[in-house]
Amino acid sequence: MISKDEKIVISVNGKKQIIPAHTSVSSLLAHFDMKPEFVAVAINQDCVRRGTYALMMLRDGDKVEILTPHAGG
Amino acid sequence: MWQIAGKTLNSRLFLGSARYPSPSVLSECIKTSATDVVTVALRRETATSATGSFFWQQLKNLPVHILPNTAGCHTAKEAVTTAHMARDLFATNWIKLEVIGDDYSLQPDPFGLVEAAEVLCKEGFEVFPYTTDDLIVAERLLQAGCRILMPWGSPIGSGRGLANPLALRALRHRYPHIPMIIDAGLGKPSHAAQAMEMGFDAVLLNSAVACAHDPVMMASAFRLGVKAGREAFESGAIPERDGATPSTSLIDRPFQE
C-alpha cells in the first residue's frame, strides 16, 4: 500500500529531485513552471507524447529529460 | 524554385540559428539570406519556459521551414529519442540526423548514424543525415531509407570549405538523382559557390554567417554565392584544360611573315 506521503527520487535534466509518488509529467512541469507547449519530455530515453503528460506517472529512479527549443546549427 | 522532401523552396541556402550576437541579428540574417530552412536544436530547459518559448516564438514568426537537429547525440538511441521529441514539439517529420563519433572533430559516427537512420526512416521521418564524404556510408544511408544526403565540407565551424573535393565530386556523380546538401565547414561564399558549381543541391551553414564580423552582410554574400554557383552549374562551365586555348583568333595576326 503506497501512502500519500511517499516520496520518490528521480532525475530531471541530470539533477536529483525528490517528488511525491504518483506525480504525473503534467504535475512535474507545473512544479517547474514549464509550459507544456514549449517543451518535449523523455523518460528513460523514451519520448513521452504530448497528449499523455497527464496520464504518465513518474516512478522511482526515472531519468527525465525536459527539452526546449534552442538555437542550433 | 526546387523541391525537396515534399516541399518547394526558393532558396538553396539553409541556415543554422546558433552563435549569433543577438536574436535581432539572427532575424536579420534569416531575412537577408532569403533562406527557407532554418535548423534548430533541443536543449535542457534550465530555468522557466521563457527561454525556449522566446526563441520558438521568434522563429515561428518568420516564413521558414524548421529543420530540427540531433546535435550532441553520441548514440543511435539518443538521436532517435531526440528526433521523437523534436517531432512532438516542432510538429515536423524533418530531422537533421547527427550522431557524433568524436568530440574534437565532431565527425559523424557512421555506424550509429546508419542505425538511427534506419529506425527513423521506417517511422516516417524525412531524414537529413549529416555524414562524411564516404561513399560506402552514403550507400548504407540510402539502403537504410534515406532520400537525402548531407555530406560535410569539413569539420563543423572550421571554415575550411570543401576539404576533399575529389570525394565530394565522386559522391555527386555516383548518385546524380539524390538531393545532396553540403553541410558543415563552409567559411566563405566562394566555398558555397564551389559546392553549388559541383552540382550539389544546397548548402547548410551557420558559423560562417553567425560569427562573421558583419553577419548580416555575410548572409547576403552567401545568398549571392549560392546563387552564382547554382547558375554556373546550370550554365555549363567550360572544362578544365592543361594547355591554353586562345580567346583571340590567330588568323590575320599582324607582324607575321
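We name chains A, B, ... by the order of the sequence lines, and we start the count at 1 in each one. Not measured: the values here are computed from a predicted model. No hydrogens, no waters, no symmetry mates; every other heavy atom, side chains included, goes into these values.
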J.: Identify the residues of residues 51-59 of chain A whose heavy atoms come closer than 4.5 Å to a heavy atom of chain B, ordered by number, or report 'none'.
T.: A:Tyr53
J.: Can you measure from CD (A:Glu65) to CD (B:Glu78) and round to the nearest 0.5 angstrom?
T.: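 If we round to the nearest 0.5 Å, A:Glu65:CD and B:Glu78:CD are 9.0 Å apart.
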J.: Where the side chain of B:Asn69 meets the backbone of A:Gly73, is there a donor-acceptor pair that is under 3.5 Å apart?
T.: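 Yes, the answer is positive, given that a donor and an acceptor are paired below the 3.5 Å cut-off.
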J.: Main chain of B:Glu45, side chain of A:Thr68: is a donor-acceptor contact present, judged purely on distance under 3.5 Å?
T.: no
J.: Name the region of B:Phe90, side chain, backbone, both or neither, that has any atom closer than 4.5 Å to a heavy atom of chain A.
T.: side chain
J.: Heavy atoms under 4.5 Å from chain A: which residues of residues 209-223 of chain B carry them?
T.: none
J.: How about residues 19-31 of chain B versus chain A: which residues have heavy atoms under 4.5 Å apart?
T.: none
J.: Looking only at non-hydrogen atoms, find the nearest pair between A:Gly72 and B:Asn206 and report the distance.
T.: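 Closest heavy-atom pair between A:Gly72 and B:Asn206: O-OD1, 3.6 Å.
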J.: So B:Leu89 and A:Arg50, side-chain contact (heavy atoms from CB on, under 4.5 Å) or not? Walk me through it.
T.: CA-CA 8 Å; B:Leu89 184 55; A:Arg50 178 174 299 282; 3.2 Å; yes
J.: Which atom pair, heavy atoms only, marks the closest approach of A:Phe38 to B:Gln57?
T.: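 Result for this residue pair: CZ-NE2, 3.5 Å.
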J.: Give, as side chain, backbone, both or neither, the part of A:Val48 having an atom under 4.5 angstrom from any heavy atom of chain B.
T.: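 Interface part for A:Val48: backbone (N, CA, C, O).
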J.: For the backbone of A:Asn13 and the side chain of B:Arg44, can you confirm whether one donor and one acceptor N or O come within less than 3.5 Å of each other?
T.: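 Checking the backbone N and O of A:Asn13 against the side chain of B:Arg44, a donor-acceptor pair under 3.5 Å is found.
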J.: Are A:Glu37 and B:Trp56 side-chain neighbours, meaning at least one heavy-atom pair lies under 4.5 Å?
T.: no
J.: Which value, rounded to the nearest 0.5 Å, describes the distance between A:Ile66 atom CD1 and B:Arg43 atom CZ?
T.: 16.0 Å
J.: Is the backbone of A:Cys47 close enough, under 3.5 Å, to the side chain of B:Asp88 for a donor and an acceptor to pair up by distance?
T.: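 Such a contact is absent between B:Asp88 side chain and A:Cys47 backbone.
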J.: What do you reckon, is NZ of B:Lys188 surrounded by more than 12 foreign heavy atoms closer than 6.0 Å?
T.: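 Open.
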J.: Testing the basics here: between B:Ala41 and A:Ala71, what is the closest heavy-atom pair and its distance to 0.1 Å?
T.: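 Looking at all heavy atoms of both residues, the closest pair is CB-O, 3.7 Å.
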J.: More than 12 foreign heavy atoms under 6.0 Å from NZ of B:Lys7: is that the case here?
T.: yes
J.: Taking all non-hydrogen atoms of both residues, which atom of A:His70 and which atom of B:Ser17 are closest, and how far apart?
T.: O-OG, 4.4 Å
J.: Hey, which residues of residues 96-128 of chain B are touching chain A, say heavy atoms under 4.5 Å apart?
T.: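 Within residues 96-128 of chain B, near chain A: B:Lys96, B:Glu98.
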